Amino acid sequence: MADESKGTEVVLKEKTTEVKRAWADEAEEAETSLTTPAVESEDPKLELDSLSIKDEGADSNKILLLDEPNESDIQTVTSGDTVYTSATTFEELNLSPELLRGLYAEMRFKVPSKIQAVSLPMILTPPYKNLIAQAHNGSGKTTCFVLGMLSRVDPKRKVPQALCICPTRELAIQNQEVLLKMGKHTGISSMCAVPEDSSRYIPIMKRPPVTDQVVIGTPGTIKKWMSAKKLSTRDVKILVFDEADHMLAEDGFKDDSLRIMKDIERNSSGCQILLFSATFNDTVKEFVSRVVKDGNQLFVKKEELSLDSVKQYKVYCPDELAKIQVIKDKIFELGQKWGQCIIFVRTKNSATMLYNALENYGYDCTSIHGNIEQALRDKMVKEFKDGLTKVLISTDLLARGFDQAQVNLVVNFDLPVKYNSPEPDYEVYLHRIGRAGRFGRKGAVFNLLCTDKDEKIMQEIEKYFNHQTSTVRDWQINEAFEDALKDAGLL
DNA sequence: GTAGGCC
């Protein structure tokens with residue numbers, strides 16, 4: 001256990017400003033973000049300089065984290081001698097004019113969000129160090145690593161130079177869309193490495209080698225392309241794991257991820273690795289810090305992770321049928337009161353079951369899970385993102401990363417539990433509720449509980465995040481739900 | 001027949 005020497009742990013504090021933050025990822029709301037004044041922080045410059053203390057190994061400089069509810073803490077550990085200064089503007093980051101144009105004209109960004117301000121200097125300042133970064137759901141992590149990839153690519157060299165691994169095809173596609181938009185004027189080419197639709201499947205051996213400069217994909221396909229020598233990792237300078245805690249978890253994609261990492265470490269010289277996620281439980285955190293060595297680290301206390309802008313409720317239902325009735329009579333009937341809604345279920349079967357039940361009642365929605373053919377998955381996601389469907393039933397396929405600003409209601413039809421164990425899956429819970437309230441917007445979550453076990457799971461979740469949820473007073477009363485939505489700030 | 005991602 002040769003403990004890699006760490007810098008001193010420090011705390012960056014920032015007052016959470018009310019509602020209107022000019023967060024950089026607020027792309028969809030160009031109208032508001034253009035009229036929103038620049039970030040109104042009284043202390044805009046986070047003095048990272050004073051915080052990057054050299055290795056001492058002693059606890060004497062350790063600053064304890066505080067739990068004040070209205071402050072968001074990011075715990076940073078810097079490695080090495082580099083001094084980083086938080087970026088108040090994108091100009092400070094030495095980005096190419098083409099990239100800046102993408103940020104302002106295409107993405108309609110104004111200033112970096114908190115995580116961007118802190119992590120971008122760490123990502124973009126040579127020597128390029130590894131980074132493990134945790135930040136709240138919807139706070140703009142995608143921008144951090146997409147910008148990282150775009151600015152590390154040499155546009156003149158037509159070889160893969162940046163690689164991004166994601167847990168689902170939907171997330172890979174979504175990330176590529178962000179990259180295309182942000183990198184529109186850079187001329188940098190990208191490729192999505194996800195399984196082919198069966199209709200236009202090309203055997204791997206008949207495929208030409210990848211010449212695109214950025215490759216974004218899912219682990220299986222990336223691995224396959226690599227071992228078939230169709231994806232060269234020789235010139236890969238930056239390797240990103242989105243939803244990194246899941247990508248490196250024992251019951252996640254650990255083996256695939258490690259193999260990809262090792263292969264790149266062997267073939268390329270000095271590849272920078274970035275790990276991003278909203279969650280890192282203690283087990284994964286310990287593991288990733290060991291695997292991705294000598295890097296900078298940004299972490300958030302789990303008690304600070306619940307989004308204040310998203311109000312969470314418990315709904316006690318007498319039985320499973322009542323849960324369906326809540327969806328039908330309360331959620332759908334109050335459809336005018338919210339924007340879009342994702343209903344999470346535990347299994348593919350219950351996704352289909354719930355979909356059929358609602359369809360029989362004459363309600364319009366779609367249902368997505370891993371057994372649906374890819375073309376249909378893509379179609380449903382597109383329709384939902386285009387606002388053509390209001391309600392999307394999903395397994396945990398869309399629990400992580402799925403970004404749709406109009407979603408302000410999440411329903412946990414089933415609570416998330418760990419695979420192969422009755423334990424709650426705290427991380428998945430947090431990711432699910434993070435689908436509502438993107439970039440500080442208001443949102444509501446209804447947790448439908450019907451057994452003692454559900455109740456217990458919910459209690460454990462509340463305890464884990466030290467966050468008490470409210471109760472909808474009666475599952476049969478419309479006003480109880482209306483009041484809840486009103487309390488959540490949705491009406 | 002426990003999510004998801006592969007052959």
Side-chain angles (χ1 to χ4, degrees), chain A residues 163-176 192-198 201-207 215-231 240-261 263 277 279 281 284 320 342-355 367-374 376-378 380-381 392-402 410 412-435 451 453-454 457:
Chain A
L163 202 54
C164 174
I165 326 281
C166 317
T168 63
R169 304 169 195 187
E170 281 69 18
L171 209 44
I173 294 166
Q174 180 179 286
N175 285 337
Q176 191 198 16
C192 206
V194 298
E196 299 285 334
D197 197 43
S198 53
Y201 173 76
I202 307 167
I204 181 72
M205 284 321 183
K206 296 201 170 166
R207 297 186 68 100
V215 179
I216 304 177
T218 47
T221 304
I222 298 267
K223 223 174 53 174
K224 185 171 143 188
W225 289 11
M226 275 170 35
S227 55
K229 305 288 178 197
K230 298 294 185 182
L231 174 57
V240 178
F241 287 93
D242 194 8
E243 308 299 339
D245 61 324
H246 189 231
M247 299 309 294
L248 286 154
E250 199 71 61
D251 61 347
F253 299 102
K254 185 179 166 186
D255 294 346
D256 286 348
S257 297
L258 287 181
R259 231 184 101 179
I260 293 169
M261 236 187 251
D263 193 280
S277 183
T279 53
N281 69 34
V284 180
E320 288 281 325
I342 302 180
I343 303 172
F344 285 106
V345 294
R346 192 173 65 91
T347 66
K348 298 167 189 169
N349 274 341
S350 38
T352 308
M353 179 278 299
L354 183 57
Y355 172 77
S367 159
I368 191 170
H369 57 73
N371 283 0
I372 307 269
E373 70 169 295
Q374 191 56 39
L376 216 49
R377 277 166 63 163
D378 294 346
M380 284 191 284
V381 166
L392 185 51
I393 300 166
S394 176
T395 57
D396 284 325
L397 174 65
L398 295 186
R400 284 170 174 266
F402 184 68
V410 163
N412 282 322
F413 190 84
D414 303 307
L415 290 174
V417 288
K418 290 209 168 84
Y419 188 82
N420 251 338
S421 126
E423 252 187 292
D425 194 324
Y426 304 106
E427 284 71 36
V428 168
Y429 180 83
L430 200 81
H431 284 280
R432 283 182 180 187
I433 71 173
R435 294 321 97 209
T451 61
K453 222 177 88 186
D454 288 342
I457 291 170

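Chain A is the first sequence line, chain B the second, and so forth, proteins listed ahead of strands; every chain is numbered from 1. Fair warning: this is a prediction, and the values are worked out from it, not measured in the lab.
- Put simply, the side chain of A/D425 gets close to the backbone of A/V428: a donor and an acceptor are under 3.5 Å apart.
- Within the structure, side-chain hydrogen bond (donor to acceptor under 3.5 Å, both in side chains) contacts touching residues 242-252 of chain A (residues at least two apart or in different chains) are A/N175-A/D242, A/E243-A/R400, A/D245-A/S277, A/D245-A/T279, A/D245-A/R400, A/E250-A/K254.
- Contacts of A/R377 with the nucleic acid, taken as non-hydrogen atoms under 4.0 Å apart, involve only primed sugar atoms and P, OP1 or OP2.
- Contacts of A/H369 with the nucleic acid, taken as non-hydrogen atoms under 4.0 Å apart, involve only primed sugar atoms and P, OP1 or OP2.
- A/E170 is linked by a salt bridge (charged side-chain N to carboxylate O under 4.0 Å, His left out) to A/R377, counting only residues two or more places apart in sequence or in another chain.
- Heavy atoms of A/P167 sit under 4.0 angstrom from primed sugar atoms or phosphate atoms, though from no base atom.
- Within the nucleic acid shown, A/K348 comes within 4.0 Å of sugar-phosphate atoms alone, with no base atom in reach, counting heavy atoms only.
- Here A/D454 pairs with nothing under the salt bridge (charged side-chain N to carboxylate O under 4.0 Å, His left out) rule; sequence neighbours left out.
- Counting any heavy atom pair closer than 4.0 Å across all strands shown, A/D425 reaches no nucleic acid atom.
- Think of the region where chain A sits on DNA chain B: with heavy atoms and a 4.0 Å cut, that region ends 5' and 3' at B/dT2 to B/dC7.
- Considering only residues two or more places apart in sequence or on other chains, A/K206 meets the side-chain contact (heavy atoms from CB on, under 4.5 Å) condition with A/I202, A/P203.
- The residue A/D256 sits apart from the nucleic acid: no heavy atom pair falls under 4.0 Å.
- The salt bridge (charged side-chain N to carboxylate O under 4.0 Å, His left out) check on A/R207 picks up A/E196, with sequence neighbours excluded.
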